[in-house]
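Take a look at the structure set out below.
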Amino acid sequence: KDKLMSLALTFAIGGPVMFALLHIIKWGGPYFYLYVWAFMFCFSIFFLTIFPVYIQPLFNKYTPLEEGPLQKAIYELAGICKFPL
C-alpha cells in the first residue's frame, strides 16, 4: 500500500515539477539556470511546509508520547537545554 501511494505521489508531484522545469529551461535562454534555481527554491520552501502536514500523515500515525520514563527523560533533557516543549 505504501509503495503504491509513494508511486502515485511521485507521479502527481514529480510530473508537474518536471514539466515546469523543462519549460523553464526552454524559455529561460542562456540564464535558465537562475530561473531553475528560483523555481526549485520556491518549490522547496512550499514543499517543506506541506510535507509534514499533508503527506507524512499518509504514511505514519502520530500519537502523543505515553507517560513514562522516556517522556520524563525527554522533558528533563529539554529543560536542561532550555528547549520549550
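FYI, the numbering just counts along the sequence from 1.
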Exercise. If you link I, L, V, M, F, W and Y whenever their side-chain heavy atoms are under 4.5 Å apart, who else ends up in the same group as F19?
Worked result: none

Exercise. Out of curiosity, does F39 fall in the hydrophobic cluster containing F46 (side-chain heavy atoms, cut-off under 4.5 Å, transitive links)?
Worked result: yes

For this session: Can you see which heavy atom on E66 is nearest to which on Q71, and at what distance?
Result: O-CB, 3.6 Å

Exercise. Got a sec, which hydrophobics cluster with L77, joining ILVMFWY side chains under 4.5 Å apart, including via others?
Worked result: none

Problem set entry | Nearest heavy-atom neighbours spanning P52 and P57 | O-CD, 3.5 Å

For this session: For residues 51-85, pull every pair meeting ring-ring contact (aromatic ring centres under 6.0 Å, His included), keeping only residues two or more places apart or in separate chains.
Result: F47-F51

Between side-chain atoms of residues 23-37 and protein atoms elsewhere (two or more places apart, or another chain), which donor-acceptor pairs fall under 3.5 Å?
none

Seminar exercise, completed: In this structure, CG of L4 is separated from CG of L9 (nearest 0.5 Å) by 11.0 Å

Exercise. Taking only residues two or more places apart in sequence or in another chain, which ones pass side chain to side chain contact (heavy atoms under 4.5 Å, CB included) with L48?
Worked result: none

For this session: Start with the C-alpha distance between I13 and I55, add both sets of side-chain angles, then the distance that settles side chain to side chain contact (heavy atoms under 4.5 Å, CB included), and finish with yes or no.
Result: CA-CA 11 Å; I13 296 169; I55 295 174; 3.9 Å; yes

Exercise. What's in the same ILVMFWY side-chain cluster as L22, cut-off under 4.5 Å, chained through other members?
Worked result: M18

Seminar exercise, completed: The reported gap from OG1 in T10 to NZ in K3 (rounded to nearest 0.5 angstrom) is 10.0 Å

Exercise. Honestly curious: do L58 and V53 fall in one hydrophobic cluster under the side-chain, below-4.5 Å linking rule?
Worked result: yes

